[in-house]
S.K.: 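My questions will all concern the structure given below.
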Amino acid sequence: QKEVEQNSGPLSVPEGAIASLNCTYSDRGSQSFFWYRQYSGKSPELIMFIYSNGDKEDGRFTAQLNKASQYVSLLIRDSQPSDSATYLCAVRGLGSNQFYFGTGTSLTVIP
Amino acid sequence: DTGVSQNPRHKITKRGQNVTFRCDPISEHNRLYWYRQTLGQGPEFLTYFQNEAQLEKSRLLSDRFSAERPKGSFSTLEIQRTEQGDSAMYLCASSSDLSGNTIYFGEGSWLTVV
């Protein structure tokens with residue numbers, strides 16, 4: 001059973017702070033890891049993906065992957081009220097066409 | 001707009017009726033996925049097509065659900081004899097061999113069964 005776990009939150013941070021979102025996964029064979037943002041009533045939109053251990057930065061967003069600990073995180077620097085959304089972690093296994101999603105973490109950035 | 005397109009965006013139907021959703025993937029994307037999402041949950045995988053071939057189906061896809069992609073372009077998801085538990089957002093996503101590790105979602109089709 002492939003599982004992706006996220007803290008459902010809600011997580012609240014003040015504007016300008018760093019928001020830290022975490023995700024763990026159960027399948028050690030997982031190869032690709034994704035973060036999606038979902039506004040209420042909308043569909044998920046891709047923020048970034050990461051394949052290799054370490055950090056990957058894209059603007060205000062940094063994804064961190066630790067395969068040994070089966071842990072993925074997303075850091076949002078200089079958080080803005082427009083970042084308020086649910087953040088979904090997704091994992092794709094080796095040779096699999098299925099993307100497994102966590103239940104999402106709700107983030108609120110307080111002006 | 002060259003993104004994934006889904007129709008209808010909203011559908012209200014009576015229990016027992018059949019409904020069909022259509023998905024037009026990003027042009028030239030050969031991979032197409034259907035997901036279902038209920039409130040407070042992440043998207044759940046339903047089925048996957050590569051070109052016109054349906055290669056994977058979830059256990060969630062009961063015999064009341066059928067999906068097709070006849071010409072390897074658009075896809076339809078039909079739900080027969082709808083039940084209240086079918087109420088959800090049905091998401092279509094697509095990817096290509098080049099972006100195979102990244103899927104892009106459409107805006108979703110909301111189904112309410114009353």
Side-chain angles (χ1 to χ4, degrees), chain A residues 1-10 21-27 29-52 56 58 63 65 72 74 85-107, chain B residues 1 3-7 9-10 21 23 25-26 29-51 53-61 67 69 88-110 112:
Chain A
Q1 178 73 22
K2 295 176 171 56
E3 290 185 354
V4 179
E5 300 285 341
Q6 294 183 255
N7 184 336
S8 63
L21 306 163
N22 305 315
C23 171
T24 58
Y25 59 95
S26 61
D27 182 10
S30 299
Q31 293 292 304
S32 310
F33 307 88
F34 306 82
W35 284 100
Y36 285 81
R37 177 175 62 199
Q38 187 172 28
Y39 292 112
S40 181
K42 302 295 185 181
S43 64
E45 58 178 320
L46 180 70
I47 298 175
M48 61 191 307
F49 56 86
I50 185 168
Y51 306 145
S52 304
K56 180 180 179 182
D58 185 358
L65 174 61
V72 192
L74 179 70
T86 296
Y87 289 80
L88 297 163
C89 172
V91 171
R92 182 182 178 185
L94 178 64
S96 172
N97 295 303
Q98 294 192 28
F99 292 71
Y100 295 91
F101 286 81
T103 56
T105 298
S106 174
L107 171 67
Chain B
D1 186 345
V4 179
S5 176
Q6 293 188 243
N7 288 287
R9 294 290 317 283
H10 301 272
F21 299 111
C23 172
I26 293 172
H29 274 194
N30 62 332
R31 304 181 185 189
L32 188 145
Y33 308 76
W34 285 100
Y35 281 80
R36 179 174 68 187
Q37 187 177 24
T38 54
L39 194 62
Q41 300 297 315
E44 297 175 297
F45 172 81
L46 293 179
T47 191
Y48 161 73
F49 289 86
Q50 185 159 327
N51 299 311
Q54 187 174 22
L55 298 183
E56 289 189 47
K57 290 171 61 175
S58 165
R59 293 189 308 274
L60 295 174
L61 211 66
R69 195 183 183 196
M89 179 165 63
Y90 290 84
L91 291 160
C92 178
S94 70
S95 69
S96 69
D97 288 338
L98 292 178
S99 73
N101 272 315
T102 305
I103 61 173
Y104 299 91
F105 284 96
E107 293 182 325
S109 292
W110 286 95
T112 301

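Below, chains carry the letters A, B, ... as their sequence lines are ordered, and counting in each starts from 1. Source: prediction; values computed, not measured.
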S.K.: To the nearest 0.5 angstrom, please state how far the CZ atom of A/F49 sits from the CD1 atom of B/I103.
M.R.: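 Between A/F49 CZ and B/I103 CD1, I get 13.0 Å after rounding to 0.5 Å.
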S.K.: Is it the case that atom NZ in B/K57 sees more than 12 heavy atoms from other parts of the structure closer than 6.0 Å?
M.R.: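 For B/K57, atom NZ is not crowded (no more than 12 foreign heavy atoms under 6.0 Å).
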S.K.: Look up atom OG1 in A/T103 and atom CD in B/Q37, then write down how far apart they are to the nearest 0.5 Å.
M.R.: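 The distance works out to 10.5 Å.
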S.K.: What part of B/Q6 lies closer than 4.5 angstrom to a heavy atom of chain A: side chain, backbone, both or neither?
M.R.: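 Nothing of B/Q6, per the 4.5 Å heavy-atom cut-off to chain A.
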S.K.: Identify which part of A/Q31 has an atom lying under 4.5 Å from any heavy atom of chain B, answering side chain, backbone, both or neither.
M.R.: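 Looking at A/Q31, nothing touches chain B.
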S.K.: Going by side chain to side chain donor-acceptor pair (under 3.5 Å), name the pairs with one or both residues in residues 40-52 of chain A, residues two or more places apart or in two chains.
M.R.: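 For residues 40-52 of chain A, and leaving out neighbouring residues, the side chain to side chain donor-acceptor pair (under 3.5 Å) pairs sorted by first residue read A/R37-A/E45.
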S.K.: Measure the spacing between CG of B/L55 and CD of A/Q98 and express it to the nearest 0.5 Å.
M.R.: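 Reported to 0.5 Å precision, the distance equals 11.5 Å.
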S.K.: Quick check for you: to the nearest 0.5 Å, what is the distance between B/F105 atom CZ and A/Y36 atom OH?
M.R.: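 It comes to 5.5 Å.
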S.K.: Can you tell which part of B/E56 gets under 4.5 Å to a heavy atom of chain A, answering side chain, backbone, both or neither?
M.R.: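 Just the side chain, heavy atoms under 4.5 Å.
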